[in-house]
Protein chains: 2
Amino acid sequence: MTIDNTKSDTTEFSDPIDAVRPDDLRLEKFLPYRLSVLSNRVSNAIADAYSARFDLTIPAWRVMAILGRFPNLSAAELVEQTAMDKVAISRAVSILIKNDYITRSEDLADRRRQVLNLSELGRDVYERIVPLAQQYENDLMGSLSTEERNQLDSIIEKLMARAQDWANRGLID
Amino acid sequence: MTIDNTKSDTTEFSDPIDAVRPDDLRLEKFLPYRLSVLSNRVSNAIADAYSARFDLTIPAWRVMAILGRFPNLSAAELVEQTAMDKVAISRAVSILIKNDYITRSEDLADRRRQVLNLSELGRDVYERIVPLAQQYENDLMGSLSTEERNQLDSIIEKLMARAQDWANRGLID
DNA sequence: CAATAGTGGTTACAATTGAAACCAATCTTA
DNA sequence: TAAGATTGGTTTCAATTGTAACCACTATTG
């Protein structure tokens, strides 16, 4: 066999605390994996709720959530606010317009831009969804102590910043 | 115009701590949203790394990660271990076989089952990926204190359990 | 030992998503 | 002010994913 497995490029010396056997990986403890499973479970549950009650996808709901707080945004501004991409926004918007949940009006100053807003119907739906969303969040948060909630908040910020770095600086190594 | 937009939906009185105005939702503070953004950032970065170096998708990598630790599993057992679904496993497996990363052999006792294992090549790749994965994890965890890591661990467990409940018991309300 | 139900796994098809090309309008600058 | 570069947004096409139907086999039952 020609596997040259010398100098494991992982372990330095001994690993004080949570050393796994160097050449093995426990998926169920692997943070990226756990985040993914958790996020999918949560998102799927909520997506089901939204679609069952309001026939809304998550991207569409996100657009409404932003427009509810910040009227008169353009699609590009939605991109900034949501971390969703252009195309996703464009599609969500066109569905929402078809449903009469939002309105689109030309910006006379810049005729490329289109100004988006919740319609009356849209605001109505928005106001019914917000409590539902909050209920889900409260339910989730309900499993944590106040302290843990604060911890989680700051931990997420830190992880997010680190992951953002990756995207900027390119891959590790 | 019949929009009854009374009761300013922007400011209530003063905001104690994290009280949002009841009828509004701040997406950037909404846990499901944050989880989703975080998880996507992390997964995408890692997926890029895997695909660039080993031409592996995340599902395929997950299958290998499990087979590396637990040889001789069937596809159904992989489903249990990974929380991925049947079809995803089936597809990942067929790609891995095409790449000669895993082998598939008939189970004579039950001719429906197929026993999967890393091939030599597969184990080779596995052993080179594990450190890479661990590097990503260490880098992420590096932004947290030891204490925070423990907190995160237990918080994730709790949230996961709650989200799991939703799936079992059906939607809220 | 049929007939039926259940399991392991794949296939087929539809819906979702992402990347890149694209159109139209605006900005820059020479 | 014409030429190219940018920006806002949509469309197209390919890849990924999810759902349901499906095939082969095994287990159950009468």
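Reminder, nothing fancy here: chain letters follow the sequence lines and each chain counts from 1. Remember, predicted model here, so these are calculated numbers, not experimental data.
Judged by closest nucleotide on DNA chain C, R113(B) is the one of L108(A) and R113(B) placed further toward the 5' end. A residue-by-residue look at R112(B) and R104(B) shows that R112(B) has its nearest nucleotide of DNA chain C further toward the 5' end.
Looking at E80(A), its side chain never comes within 3.5 Å of a backbone N or O of E77(A) through a donor-acceptor pair. Counting only distance, with no hydrogens or angles, the side chain of R149(A) and the backbone of M141(A) share a donor-acceptor pair below 3.5 Å. With hydrogens and angles ignored, the 3.5 Å screen pairs no side-chain donor or acceptor of S43(B) with any backbone N or O of N40(B). A donor-acceptor contact shorter than 3.5 Å links the side chain of S94(B) to the backbone of R91(B).
If you take CG of D110(B) and P of dA27(D), they are 6 Å apart, rounded to a whole angstrom. The interatomic distance linking R41(A) (CZ) with dG18(D) (P) rounds to 15 Å, in whole Å. The CG atom of L116(A) sits 14 Å away from the C1' atom of dT10(D) (whole-angstrom rounding). In this entry the distance linking CG of D107(A) with C1' of dA24(C) reads 15 Å, nearest Å. To the nearest angstrom, C1' of dC22(D) lies 10 Å from NZ of K86(B). Going from atom CG of L73(A) over to atom C1' of dG9(D) covers 15 Å, rounded to whole Å. Rounded to whole Å, the distance from CZ on R62(B) to P on dT17(D) is 10 Å. One interatomic measurement links the two molecules: CE of M84(B) to C1' of dT17(D), which rounds to 11 Å at whole-angstrom precision.
Within 4.0 Å (heavy atoms only), S74(B) reaches sugar-phosphate atoms of the nucleic acid but no base atom. Residue contacts shown for T57(A) are absent, as no nucleic acid heavy atom lies under 4.0 Å away.
Criterion: ILVMFWY side-chain heavy atoms under 4.5 Å apart, direct or through other members. Under it, M160(B) and V42(B) are part of a common hydrophobic cluster.
Counting heavy atoms from C-beta outward, L31(B) and L159(B) have side chains that approach closer than 4.5 Å.
Distances from the side chain of S90(B) to the nucleotides dT11(C), dT19(D), dC25(D) place dT11(C) closest.
Between R111(B) and the phosphate of dA24(D), there is no side-chain N or O to OP1/OP2 separation shorter than 4.0 Å.
For the residue pair D139(A)/W166(B), the side-chain donor-acceptor check at 3.5 Å is satisfied.
Base-pairing analysis of DNA chain D finds the following stems of at least three consecutive Watson-Crick or G-U pairs, with both pairing distances under 3.5 Å: C:1-30 with D:1-30.
Contact annotation: side chain of R91(B) to base of dG18(D), donor-acceptor pair present below 3.5 Å.
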